[in-house]
Every structure is written in structure tokens, then in C-alpha cells.
Asks: 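Dumping the structure here so I can ask a few things about it.
Numbered from 1 within each chain, the chains take letters A, B, ... in sequence-line order.
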Amino acid sequence: MIGSFFTTRFNYILGWARKYSLFHYPYITACCGMEYMSTAASHFDWDRFGTGWTRFSPRQSDMLVVCGTISHKLAPVLRTVYDQMTEPKWVMAFGTCTVSGGIYDNYAVVQGIDRIIPVDIYIPGCPPRPETVLDGLIKLQEKIQKQEQEWRWKKRK
Amino acid sequence: MEKKKVIEELRQKFSEKIKEVTVQFGDEILLIERDSLLDIVQFLKDKPYSYSMLLDLTCVDYKGQEPRFEMVYHLFSIPNIQRLRIKVRLSEKDLQIDSLTSVWKNANWLEREVYDMFGVNFKDHPDLRRIFMYDGFEGHPLRKDFPLRKRQPRIPLRK
């Protein structure tokens, strides 16, 4: 009884810590990168929400920010980058092209990156306004807080 | 006028090879025979006309017509500030044309693009392989008969 209380609290604390230290890996291929930059830079400043550390190595990052159109030629690369990230990891689909392929309904473009890797938060817009991105980020943080956390010595059911 | 002169001289030099000359938006368009492409292009590139810049090289698919394909070359003369367009009709059964890589270096990648998107074969091209699409891609996507919804993923898709 008291053990489960500590487990629940520890789960809560771990979620709180993880949602406010999202090291992210920007995977930028197209014009959404401009909105990513303006969101990340000082004017909108998503470091206020604990997302300030940009890591250019997938091994050190928690959140994969996929900005821009992903073509079939690029799909294996994105899949490899996702596989290289260490747990826990989350994926943000940034912009309409990553969510659904957008206007590019043709032979070259993947119709949504959830056809390749699992996605946690979808941000629509072509490209999305920084406010939309921040709203999506807050929703992702709520999701991280609520989800069941994994840790090394956790008892598996 | 420099422009009139180049057309007249072309008509004299390559009389029956030039099938048609039209003017659109102030620029001449030449429709020529396939076998004389390299000679005409070399003549235009040399002085005095100095069409020394290949602006673009592309292809058009007129599906249902015969001949089906049409190569389009855009030339630019830097000293005379003039543009010229050259068109060559290609039949689907015999889809090949001389490469311009010996005349212009930038024709290399442009011709690889046309090969990738339309499947036109270029004779004496040094490195004729796909430039945009990946190895193993089947078909030529800018042809009008390429299936609209056809997808060829490189890795298995989820769901």
C-alpha cells in the first residue's frame, strides 16, 4: 500500500522532470524550419517551457522535431535517426507535410511520418505559427506528465 | 537586328533541318531535326552569336500525339542579351537524342533529370543514371501515364 504510494509519486516526479527537460533534435527539411527557428529563438523562446537544449546528436535527445516534407528517399534516414534515440523519446510532427503529406500527394512524398515512426504530437499548419507550436508543446508536456514512466529498476507487471 | 540575322543565317546553313520558326513573347522558337542538334547548338554557341549559356533543358510529354515527347532547350546570349528556344520532337519508340555534355557542362545534371523523369536516353552521356529518385524506383514519374497514386517506399510502412 505504502509502496504503491511511493511508486505513484515517483512516477509523477519523473514525469515532471522529463517534461521540463526535453532535449530536442531538430530534423529540418523544409520551410517549417523557419518557424522552428523563430519558435526556438528569443522572441517566442520555447526555452521558457524547458525545451531550450538543442542536441545535434540523436543519442542525447528526448524529442525528435520533424519539420518539413519527408520524401520516400529520405524515409530510411529518418527511421535510423529515430532508432538511434535513447528511451524515453517523443516525436513531434511539425507542420502539415509531416502530419499528412500536405499538398504533396504524389509519388515522392511520405503521406505522414506516422507511416514510418510513431508520433506523439501533431501540429497542423503550413507552416504553423509559433503560438501553435507552443500550444502543441504544452499538450505534449501534459501527455508526458500523465503517461506511465519507465525507469531501470521498475517492477514489470 | 541581331535576332533576325541569326535566324536568317541558320536558315541558310541548315536549310531543311529547321522545320519551323515561331515567335512567342518576343523570343524565337526553333523546331529542328534531331540529328542536327549538336551542329546547330555549336554554331549558336560560337561567335558572333555567343549563345554561350544553357539556361534550362527539359522535356514535355504530349501524350496521345505523335511524336509524343518534345525536348526544349533554353539558350541565352550574354553579350547580345537575347534568348532562344530550341525544340526537338522525339518519338516514343526511338526515345534518344544526342547529349549536350560535350558543349555545356551543366547539361550533365539537367539531362540526368530528364532521364529520371521522362526516360529519354542521351547518347554519349558520361554518367546517365537517376538523379532525384532512388535506386530501384520503377517508371518515370513525370510521364502522363505514370499512375497518380503509385507509391514505392524504400522501407516497409507502418499500419
Side-chain angles (χ1 to χ4, degrees), chain A residues 25 27-31 58 63-66 68-85 87-124 140 143 147, chain B residues 56-65 68-72 90 92 95 106-122 125-159:
Chain A
Y25 179 85
Y27 193 90
I28 292 171
T29 57
C31 44
M63 179 170 70
L64 180 62
V65 183
V66 186
T69 325
I70 301 296
S71 60
H72 281 297
K73 196 176 182 178
L74 197 61
V77 181
L78 180 63
R79 175 82 225 184
T80 310
V81 167
Y82 178 77
D83 288 343
Q84 281 176 343
M85 287 169 71
E87 296 277 351
K89 57 189 174 186
W90 297 276
V91 176
M92 177 188 274
F94 189 116
T96 311
C97 288
T98 51
V99 171
S100 69
I103 59 171
Y104 303 108
D105 187 6
N106 60 23
Y107 58 93
V109 176
V110 178
Q111 300 298 299
I113 58 163
D114 51 5
R115 305 295 303 276
I116 313 167
I117 55 176
V119 176
D120 290 284
I121 185 86
Y122 297 89
I123 300 175
L140 178 63
K143 183 178 177 177
Q147 79 181 39
Chain B
D56 198 9
L57 179 168
T58 186
C59 186
V60 187
D61 180 0
Y62 293 106
K63 191 174 177 293
Q65 290 180 27
R68 180 174 163 187
F69 293 95
E70 188 175 74
M71 291 293 301
V72 187
L90 294 176
E92 194 180 359
L95 202 53
N106 68 329
N108 188 325
W109 281 17
L110 294 169
E111 285 176 353
R112 277 177 67 189
E113 180 189 348
V114 171
Y115 167 74
D116 192 354
M117 294 291 147
F118 292 95
V120 177
N121 288 300
F122 292 91
H125 191 285
D127 182 27
L128 194 62
R129 58 195 166 90
R130 287 185 179 277
I131 190 168
F132 290 146
M133 307 315 292
Y134 34 91
D135 293 336
F137 190 87
E138 284 174 12
H140 302 285
L142 286 196
R143 285 193 182 188
K144 296 289 182 201
D145 52 4
F146 188 83
L148 193 64
R149 304 268 167 193
K150 193 178 179 187
R151 301 286 191 275
Q152 300 180 35
R154 292 174 78 192
I155 52 173
L157 298 177
R158 301 170 73 232
K159 280 180 225 166

Asks: So which heavy atom on Lys73(A) is nearest to which on Phe132(B), and how close?
Replies: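 Scanning both residues, the minimum pair turns out to be NZ-O, 2.7 Å.
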Asks: Non-hydrogen atoms of chain B under 4.5 Å away: do they reach the side chain of Arg79(A), the backbone, both or neither?
Replies: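 When you check distances to chain B, only side chain atoms of Arg79(A) fall under 4.5 Å.
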Asks: Does Asp135(B), at its CG atom, have more than 12 non-hydrogen atoms belonging to other residues, nucleotides or ligands within less than 6.0 Å?
Replies: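 Check fails, neighbour count at 12 or below.
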Asks: Once you round to the nearest 0.5 Å, how far does CZ of Arg158(B) lie from CD1 of Ile117(A)?
Replies: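 Reported to 0.5 Å precision, the distance equals 8.5 Å.
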Asks: Taking atom OH of Tyr104(A) as the centre, does the number of heavy atoms from other residues, nucleotides or ligands within less than 6.0 Å exceed 12?
Replies: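 Incorrect, the count does not exceed 12.
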Asks: Rounded to the nearest 0.5 Å, what separation is found between the OG atom of Ser71(A) and the CE atom of Met133(B)?
Replies: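 It is 7.5 Å, given to the nearest 0.5 Å.
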Asks: Is there a donor-acceptor contact under 3.5 Å from the side chain of Arg151(B) to the main chain of Asn106(A)?
Replies: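 Pair found, side chain donor or acceptor close to backbone of Asn106(A).
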Asks: Please round to the nearest 0.5 Å and tell me the distance separating atom CD1 of Ile155(B) and atom OG1 of Thr80(A).
Replies: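 Those atoms lie 7.5 Å apart.
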Asks: For Phe137(B), is it the side chain, the backbone, both or neither that has a heavy atom under 4.5 Å from a heavy atom of chain A?
Replies: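 Answer is side chain: those atoms of Phe137(B) sit under 4.5 Å from chain A.
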